[in-house]
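Just so it is clear, the structure is predicted and the values come from calculations on it, not from any experiment.
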Amino acid sequence: MANSKNKKKSQTAAKAESTADSKAADKKAIKKDNAKSVSKKDAKAASKSKKGEKPGLIARAKKYLSSVRSEMLRVTWPSKKELRNYSIAVCVSLVVVGVVIAALDLLIGEGLALFAGLR
């Protein structure tokens, strides 16, 4: 009875040690991979700095315009009917907001005139 308990304890201890060893080995492998990737990045950065600090004005403008073109191709443009409806909605909301602001201005102005007794 006591012997089987000791066997179980030794087996669980061995499993714990093996998992701890495998975790340590994994960490070492990750550190090595990170060191390799950092050295590759440094090499790329050094090669770029040798070629030139940054591209010229024309090259940057071409890159910018090509990115603008690619973004414009992704845009979903409204149809004529949708555009008309949106335009009408904007004009109506402008008129409504203008009327509300004018009414508030009139109301506040009259209130101040009565309060101060300017008339």
Side-chain angles (χ1 to χ4, degrees):
M1 192 83 171
N3 212 4
S4 64
K5 287 183 182 179
N6 289 337
K7 284 183 183 178
K8 288 181 182 178
K9 285 183 183 178
S10 64
Q11 287 175 353
T12 56
K15 286 181 183 178
E17 286 178 13
S18 66
T19 56
D21 291 339
S22 66
K23 287 181 182 178
D26 290 342
K27 286 183 181 179
K28 286 180 183 178
I30 290 171
K31 285 182 181 179
K32 286 181 183 178
D33 289 340
N34 287 342
K36 288 179 184 177
S37 66
V38 169
S39 64
K40 288 179 183 178
K41 288 179 184 176
D42 291 340
K44 286 181 182 179
S47 66
K48 283 185 179 179
S49 65
K50 289 177 185 175
K51 291 179 182 176
E53 290 297 319
K54 64 181 181 180
L57 181 64
I58 304 296
R60 286 185 289 162
K62 283 182 182 179
K63 184 177 179 183
Y64 172 74
L65 291 175
S66 67
S67 65
V68 167
R69 183 175 184 270
S70 67
E71 287 296 323
M72 293 304 282
L73 291 174
R74 295 180 191 160
V75 172
T76 305
W77 297 100
S79 66
K80 286 186 178 183
K81 186 177 180 180
E82 290 174 335
L83 185 62
R84 188 180 325 115
N85 289 340
Y86 295 154
S87 299
I88 291 170
V90 167
C91 291
V92 168
S93 63
L94 285 173
V95 169
V96 169
V97 169
V99 168
V100 169
I101 290 174
L104 286 173
D105 182 44
L106 181 66
L107 182 70
I108 292 171
E110 289 296 321
L112 286 174
L114 288 174
F115 179 73
L118 296 175
R119 292 188 184 163

Practice problem: Scan for side chain to side chain donor-acceptor pair (under 3.5 Å) pairs involving residues 61-75, sequence neighbours excluded, and state none if there are none. | Solution: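 Residue pairs passing side chain to side chain donor-acceptor pair (under 3.5 Å), neighbours aside: E71-R74.
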Quiz prompt | From CH2 (W77) to CE (M72), nearest 0.5 Å | solution =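 It comes to 3.5 Å.
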Quiz item: If you measure from CG on L106 to CD1 on I101, what distance do you get to the nearest 0.5 Å?
Solution: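 Output value for this atom pair is 14.0 Å.
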Quiz item: Under a 4.5 Å side-chain heavy-atom rule over Ile, Leu, Val, Met, Phe, Trp and Tyr, are V75 and Y86 clustered together?
Solution: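 Cluster IDs for V75 and Y86 differ.
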